[in-house]
Visitor: 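After the structure tokens below, expect a handful of questions from me.
Because the structure is predicted, anything quoted here is derived from the model rather than measured. These values consider heavy atoms only, across backbone and side chains, with no hydrogens, waters or symmetry-generated copies.
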Amino acid sequence: MNQHDQSANSASLFRNRFLQTILLSSVLLQIGIWVRNFAILLYVAERTNNDPYAISLISVAEFAPIFVFSFIGGTFADRWRPKRTMIWCDSLSAVSVFAVLLSIHFGSWESVYLVAFISAILSQFSQPSSMRLFKFHVPEEQLQQGMALFQSLMAIFMVLGPMLGTFVYSTFGLEISIAVMGVAFLLSALVLIRLPEDHMEAGTVAAKGQFRKDFTEGFRYVWQSQVLRMLGLAFVLAGLAVGAAQALNLFIVTERLGRSKEFLQYMLMVNGAAMLIGGGLVAAFAKKVPPQLLLAMGMLAGAVCTTIVGFSTSIPLTLTIQFLNGLMFPCIHIGISTMILRWSNSSIVGRVNGVLNPMFVGMMVVSMSFSGALKSALPLSTIYSGAGLLFLLGALMMLPIMKHKAPDQAQAA
């Protein structure tokens with residue numbers, strides 16, 4: 001009987017028009033983002049002869065706007081109509097991409113940083129709006145399974161994305177790669193027209209002149225919840241760890257493993273294949289495991305795997321560890337997303353996301369910004385060991401809230 005109910009739940013989840021539309025939009029966005037990521041990475045590496053500062057600046061350009069605009073975007077996402085906001089953001093992203101493309105064509109190669117920079121700003125208005133619609137259109141008991149679907153989609157592109165990005169850049173060059181991103185964002189905006197119409201209270205949409213009050217309310221809401229406070233601390237520690245490791249992955253390939261920079265795509269593919277399997281496993285057991293435990297398990301695995309990768313000079317060992325890390329990574333993503341949705345009222349989801357997200361991204365940008373200097377001063381093994389220790393501390397942050405239950409959301413519904 002339990003198996004029958006689970007099958008029925010899964011079927012109804014896939015029949016959800018909102019989920020169908022968001023997944024299709026996400027596919028298009030992932031195509032554009034992965035082509036962009038690898039085109040910019042390989043282009044800058046070639047142009048600057050693998051300069052660590054220039055390469056780390058790519059990540060700073062992509063993530064720094066998140067730290068600045070996430071607070072603002074989350075506040076406006078709770079006031080604006082989410083469907084309209086998402087369509088406008090994707091449309092403006094496409095327009096900005098084509099504008100930057102013209103700049104690159106006429107000789108300003110440094111404009112490649114602007115592609116990631118502008119897209120990151122607009123995503124801070126679109127992503128919280130998506131979270132609001134997710135909470136509104138997906139039943140409470142299906143939230144964790146829905147998040148597992150998104151994680152599986154990300155994992156698919158962790159496998160296909162590097163191949164796609166490298167192929168497009170190697171075959172067609174930088175300008176076509178950037179153009180692919182613009183077309184993908186434009187198509188995503190068209191797909192989002194299919195979303196169900198917004199049904200929000202008039203006051204939520206029409207509120208004027210209350211930006212500062214709404215802005216501070218998000219911080220107050222997070223501070224008053226012990227679960228969200230501890231999640232914020234875990235975000236800070238995980239952000240510092242991920243930033244240092246992510247910015248220096250290219251040097252793990254070239255220095256520790258002695259391979260060319262193109263080998264990075266294979267590391268990411270192995271990691272992504274494992275994420276796809278892990279996402280499926282988490283989806284199967286999502287209802288039985290508290291999100292706090294999922295998050296702690298994922299961060300503990302990240303601590304061990306990150307440390308080993310920093311010391312390994314063996315390609316088989318590094319790929320094996322990348323696989324194990326990818327297998328557990330969905331626990332982090334699904335745990336975080338589920339906790340934000342379950343412990344936040346539907347009227348304030350955007351602001352809670354806007355407060356917590358910068359804690360992760362801000363610290364990630366800080367560690368990315370210093371990763372070039374760290375790389376010059378310390379061995380990779382020391383940097384990755386430090387990142388592993390930060391993951392471990394983040395896992396320990398979950399212990400005080402492990403037994404907490406999500407508040408009743410009946411009145412929000």
Side-chain angles (χ1 to χ4, degrees), residues 56 59 148 151-152 154-159 161-162 233-259 263-282 285 289 291-337 360-361 363-364 367-368 371 374-375 378-399:
S56 64
S59 298
Q151 181 59 50
S152 298
M154 287 176 60
I156 290 170
F157 276 94
M158 284 289 287
V159 179
L233 285 173
F235 262 37
V236 168
L237 294 164
L240 288 169
V242 170
Q246 185 170 310
L248 299 175
N249 263 340
L250 191 64
F251 298 100
I252 289 290
V253 170
T254 57
E255 294 184 13
R256 300 298 297 177
L257 302 181
R259 302 301 296 266
F263 189 76
L264 178 60
Q265 65 176 306
Y266 300 110
M267 275 182 54
L268 294 176
M269 285 163 55
V270 168
N271 190 262
M275 283 172 58
L276 182 58
I277 298 169
L281 291 173
V282 175
F285 298 102
V289 183
Q292 305 97 299
L293 180 57
L294 277 181
L295 178 54
M297 289 165 55
M299 295 190 78
L300 188 59
V304 175
C305 293
T306 302
T307 303
I308 294 175
V309 165
F311 280 94
S312 172
T313 56
S314 163
I315 291 175
L317 175 61
T318 298
L319 293 179
T320 301
I321 295 301
Q322 288 285 356
F323 183 85
L324 294 174
N325 198 24
L327 202 63
M328 296 299 293
F329 183 81
C331 296
I332 297 178
H333 181 268
I334 296 166
I336 287 171
S337 302
F360 175 79
V361 175
M363 293 302 103
M364 189 163 66
S367 58
M368 282 176 172
S371 61
L374 287 173
K375 169 69 175 59
L378 298 169
L380 281 171
S381 56
T382 303
I383 298 171
Y384 274 68
S385 296
L389 178 61
L390 291 169
F391 270 126
L392 177 60
L393 293 174
L396 294 176
M397 291 296 104
M398 294 297 102
L399 292 179

Visitor: Quick check for you: to the nearest 0.5 Å, what is the distance between Ser371 atom OG and Leu378 atom CG?
Guide: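 Nearest 0.5 Å value for the OG-CG distance: 12.0 Å.
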Visitor: Would you mind writing out the side-chain donor-acceptor pairs for residues 234-244 within the sub-3.5 Å range, not counting sequence neighbours?
Guide:
none

Visitor: How far apart are the closest heavy atoms of Thr320 and Pro316, and which atoms are they?
Guide: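 Looking at all heavy atoms of both residues, the shortest contact is OG1-O, 2.7 Å.
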Visitor: Could you list the residues that satisfy ring-ring contact (aromatic ring centres under 6.0 Å, His included) with Phe263, not counting sequence neighbours?
Guide: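 Applying ring-ring contact (aromatic ring centres under 6.0 Å, His included) to Phe263 gives Tyr266.
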Visitor: Just do the side chain to side chain contact (heavy atoms under 4.5 Å, CB included) check on Thr254 and Arg259 with the steps written out, would you?
Guide: CA-CA 5 Å; Thr254 57; Arg259 302 301 296 266; over 6 Å; no
Visitor: Pick from Asn271, Val309, Val270: which one makes a side chain to side chain contact (heavy atoms under 4.5 Å, CB included) with Asn325?
Guide: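 Looking at Asn271, Val309, Val270, the match for Asn325 under the side chain to side chain contact (heavy atoms under 4.5 Å, CB included) is Asn271.
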Visitor: Side-chain donor-acceptor contacts of residues 383-397 below 3.5 Å, not counting sequence neighbours, with atom names and distances?
Guide:
{"residue": "Tyr384", "atom": "OH", "partner": "Ala245", "partner atom": "O", "Å": "2.8"}
{"residue": "Tyr384", "atom": "OH", "partner": "Asn249", "partner atom": "OD1", "Å": "3.3"}
{"residue": "Ser385", "atom": "OG", "partner": "Ser381", "partner atom": "O", "Å": "2.8"}

Visitor: Within this structure, what is the CD-CD1 distance for the pair Gln322 and Ile308, rounded to the nearest 0.5 Å?
Guide: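 It is 11.0 Å, given to the nearest 0.5 Å.
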Visitor: Can you list everything that forms a side chain to side chain donor-acceptor pair (under 3.5 Å) with Ser312? Sequence neighbours excluded, please.
Guide: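 For Ser312 the side chain to side chain donor-acceptor pair (under 3.5 Å) partners, ignoring immediate neighbours, are Thr318.
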Visitor: Donor-acceptor pairs are to be reported for all side-chain atoms of residues 292-302 against protein atoms at under 3.5 Å, with residues two or more places apart or in another chain.
Guide:
{"residue": "Gln292", "atom": "NE2", "partner": "Ile401", "partner atom": "O", "Å": "2.9"}
{"residue": "Gln292", "atom": "NE2", "partner": "His404", "partner atom": "O", "Å": "2.9"}

Visitor: Which residue pairs satisfy the salt bridge (Lys or Arg N to Asp or Glu O under 4.0 Å) criterion with at least one member in residues 245-258, sequence neighbours excluded?
Guide: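 Salt bridge (Lys or Arg N to Asp or Glu O under 4.0 Å) check on residues 245-258 returns Glu255-Lys375.
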Visitor: Looking at CG of Leu324 and CZ of Phe329, how far apart are the two atoms once the value is rounded to the nearest 0.5 Å?
Guide: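 Rounded to the nearest 0.5 Å, the CG-CZ separation comes out at 15.0 Å.
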